[in-house]
Amino acid sequence: MTHRHAIDFDNREKKYVLVEFPYPSGSGLHIGHAFTFTGADVFARFERMQGKNVLFPIGWDAFGLPTENYAIKTGRKPQAVTAENTATFRSQMEELGLSFDYERVVDTTDPTYYKWTQWIFTQLYEKGLAYKQEMPINWCPSCKVGLANEEVVNGNCERCGSPTTHRRISQWVVRITEYADKLIDGLEKTNFIDKVKASQINWIGRSEGARVQFQLVGVDEQLEVFTTRPDTLWGCTFMVLAPEHPFVEKYCLDQPGVHEYVETSRGKSDLERQEVTHDKTGVFSGLMAINPATGKEVPVWISDFVLLSYGTGAIMSVPSGDQRDWDFATKFGLEILPIVQPDNGWDFSQGAYAEKDAVMVNSGPINGLTVAEAIPAALQWLKERNLGEATVSYHLRDWIFSRQHYWGEPIPMVKCEECGWVPVNFEDLPVVLPEVEKYEPTDTGESPLANISEWVNTTCPQCGKPAKRETDTMPNWAGSDWYFLRFVDPHNDQSLADMDKLRYWMPVDLYIGGDEHNTLHLLYSRFIYQFLHDIGAVPAEIPEPYYRRMSHGVILGPDNQRMSKSRGNVIIPEDIINQYSVDAARCYMMFIGPFDATMAWNERALQGTKRFLDRFERLVDMQANTKAETPQAIKALIHKAVAKCQHDFTNFKFNTAVAKLMETLNGIYEHGGAVNPRDLRMLVQAIAPLAPFFAEAAWTKLGGKGSVHASDWPAVDPALIKDDTVEIPVQVNGKLRGTVTVARDADQATVEAAAREIESVAKHLNEGEIRKVIFIPAKTINFVVK
RNA sequence: GCCGGAGUGGCGGAACAGGCAGACGCGCACGACUCAAAAUCGUGUACCUUCGGGUAUGUGGGUUCGAUUCCCACCUUCGGCACCA
């Protein structure tokens, strides 16, 4: 089956069709995989028949916790478990008829692959985009283990169910925020659907505002805050620090209650901390600051509703204009000073007025301005006095790149007493994950690698003195950040992929994946690509990795619930294939609904699809040796079906393509079922992407040469798909009163005359005077009667 | 609260670019074949009706000769973000 292999630098038009590569779990392909991969496969097969040079690769995103946990439980090596799982996936994929280019399979756990994952990290480090910092990790106090975000479900540990807390560990962090604007702007060069663009923009959360300096009283230090509403500065009556703000430890611990409050906040679980509540907690810090606008002293409080990780970790509070500040002020008896004058006699003792439709008052130089005018005016005022300046904040945080687990890419860094952190030299990559007997996490929360002293102890790449390896591994996202580049050149050992091959194949023309990856994976991989673009590792003329992004749908269980073992509603592709055939399963999955919809599995409907294929097969067997010419009407049906499939496959509308094929088969039988094999072969070609095995057999029976999948998509005769006559609706006052069958190019007079012949039309025309006749050629005629 | 989708028969879903709403499939009913069943094949299948028609695409308005399709408001629902200053 050479037709499935992509050929580098071929003269045909290239088409890079990518579907998110799977995590090879122990339970084999699930129905979601089968559905998504089949849709992608139909498209890839269709594009090949269109004469394109299609790159349709697959691989294994095989690092990750389930395998590590399974290995721990069974005492086996993750490497062995992975090999077994990928072999299962591979054979199930072939069984499903998925025409991936298996010669280009990549495996993220293969050292020849992760060599380049590690190389990318060293590049990030050298460009100052990776740094080590104390960052909180999710911590399960019961298991005494650090947890990845994926392992925290509703604030509880996935393994034991107990509530998780935070622990601070020094971790590698990648400066993705540096690329925040580029990631937003780059979307303009892509053809993603709005939903995907919106969720990425939403996730990055760019917001424009100002940084403002407040002088502390009695301490020679300025407190900096971020605000999107510098115009409300005159209404700032207090300030709030995050409990983790450096000033708290520096100046406030002697103040009664502060120490206790900070301790309590730190102990709070994720869930408690994130709970949105109007019941604010807090404590006075003992500090006072000077409101630069009014010159008045305002108290500085500490509260955990302020987050250290956003803005500057401190806010100026304007309780008259912000509901959170209002809640806080009300609870602790702080001053609420109105700075806008709403038209409707707003009562500031009942709540904050956050609308932007009012005029400023009590605000010195900006009194009388509308909010829209006041924001730039206030900014100007601050700038002139050197008290603040415009700035931008993002919800997007820097990316914690460390995991304290075994089954991941080792972070290729060495800690030297003399030189500090030093990246491993290129010649020494990859840093291979040592095979060890035990994978259990350590008591300290460090990676299991920390226990392997012969691996940890090494020499400094810079000065050669004894040094220690980093024992953290990379997150799951690392391997999937750039895998689409490797498919272009999977065996290259000189670079992550050859530049000319990248130039030929990139960008990915169509990337099919789940909505759950619209933010994290898509953003991370776009970031890494943009970074590689900046350092010249990918072609300069290709600024974005993916041209078009397509969401796939979800298949629910027959009970309309998400499939899960506990619900007992799991459909296993293998069972379906064994019972109904691969082709029936594929056609059914494509027929069940739109490719991007959420749909319930329905076994009875599957039988309908099976019936259709059986009926098709009977027709093929019956007509295989027919010599008679095909009636014109049947020929027209076939040409129309081919045209429809061509249109629908192009647009991922597989459900209507299947429906059209069913309709066509019904039509052929209605017209007597006499088809010459030459014409029937056309219909077989149209179904080939959907039902590859059936089509191949039928193609041979009907005397087709070679493989149907290597054949050229049949040419549609335009004369055959355009009917000479059309049936058009006749309306009176917009209501349907009958139809007339006329020549496609019939003029108004002809159609009008024919329409008047219809009894029910004539009757309604007699009810009044004809004021107007609307005639749309070949579409409709409408009499307006009064 | 903010952002983005989606609401059509008993069910999954069709409807190019404003022009016959319900393609195709499931289910159901009846019929053929059969001793019988399965399989297969055929016919019918939105609702109401005084059999003239009338009413129907979440609800209420609007634009239009004509609206599932366009506009406004609302309801429901799904997904993402959320004490983000």
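Computation of the quantities below employed the complete heavy-atom set of this structure, encompassing side-chain atoms and omitting hydrogens, waters and symmetry-equivalent molecules. In this text the structure is predicted, and so the values were computed from the model without any measurement. Letters A, B, ... are given to chains in the order of the sequence lines, protein chains preceding strands, and every chain is numbered from 1.
Glycosidic conformation of B:G13: anti, with the torsion beyond 90° of 0. Nucleotide B:G52 carries a syn base; the chi torsion (O4'-C1'-N9-C4 or O4'-C1'-N1-C2) is within 90° of 0.
Proximity note for A:Phe226 (side chain, C-beta onward) versus B:C24, B:G54, B:A85: the nearest is B:A85. Distance from the side chain of A:Asn202 is smallest for B:C3 among the nucleotides B:C20, B:G12, B:C3. Distance from the side chain of A:Ile776 is smallest to B:G19 among B:C20, B:G19, B:A85. For A:Asn666, taking side-chain heavy atoms from C-beta onward, the closest of the listed nucleotides B:A14, B:A85, B:G25 is B:G25. Distance from the side chain of A:Ile774 is smallest to B:C65 among B:A85, B:C20, B:C65. Nearest to the side chain of A:Lys779, among B:A85, B:C3, B:C16, sits B:C16. Looking at the side chain of A:Arg611, the nearest of the listed nucleotides B:G13, B:G66, B:C26 is B:C26.
For the C1' atoms, the distance from B:U57 to B:U43 is 28 Å, rounded to whole Å. When the C1' atom is compared between B:G10 and B:A29, the two are found 13 Å apart, to the nearest whole Å. Between the P atoms of B:U45 and B:A38, the separation comes to 24 Å (whole Å).
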Notebook entry, point to check: Should A:Ser551 and A:Asp596 be marked as a side chain to side chain donor-acceptor pair (under 3.5 Å) after you check the CA-CA gap, both sets of side-chain angles, and the distance that decides it?
Noted result: CA-CA 6 Å; A:Ser551 293; A:Asp596 59 357; over 6 Å; no

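Residues from residues 612-620 of chain A with heavy atoms under 4.0 angstrom of RNA chain B, sorted by number: A:Arg615, A:Arg618.
Using a 30° and 60° split on the angle between ring planes, A:Tyr524 and A:Trp399 fall in the parallel class, below 30°.
A side-chain donor from one of A:Asp181 and A:Tyr394 sits under 3.5 Å from a side-chain acceptor of the other. In the model, A:Tyr310 has a side-chain atom that pairs as donor or acceptor with a side-chain atom of A:Ser207 under 3.5 Å.
The partner of B:G4 is B:C78, judged by Watson-Crick or G-U wobble contacts that both fall below 3.5 Å. Under the Watson-Crick or G-U wobble criterion, with both distances below 3.5 Å, B:A14 is left unpaired in every strand shown.
Contact check, A:Asn602 against B:G27: no side-chain N or O comes under 4.0 Å of OP1 or OP2. For A:Asn655 and B:G12, the shortest distance from a side-chain N or O to OP1 or OP2 is not below 4.0 Å. For B:A85, one of the phosphate oxygens OP1 or OP2 lies less than 4.0 angstrom from a side-chain nitrogen or oxygen of A:Ser207.
Between A:Lys763 and A:Glu759 there is no salt bridge, since no side-chain N of the basic residue sits under 4.0 Å from a carboxylate O of the acidic one. The existence of a salt bridge linking A:Asp723 and A:Lys640 is confirmed by a sub-4.0 Å separation between a basic side-chain nitrogen and an acidic carboxylate oxygen. Salt-bridge formation is detected for the pair A:Asp614/A:Lys610: a Lys NZ or Arg NE/NH1/NH2 atom is positioned less than 4.0 Å from an Asp or Glu carboxylate oxygen.
Residue A:Ala600 is the one, among A:Tyr669 and A:Ala600, whose nearest nucleotide of RNA chain B lies closer to the 5' end (criterion: closest heavy atom).
Within the 4.0 angstrom heavy-atom criterion, base atoms lie near A:Ala659.
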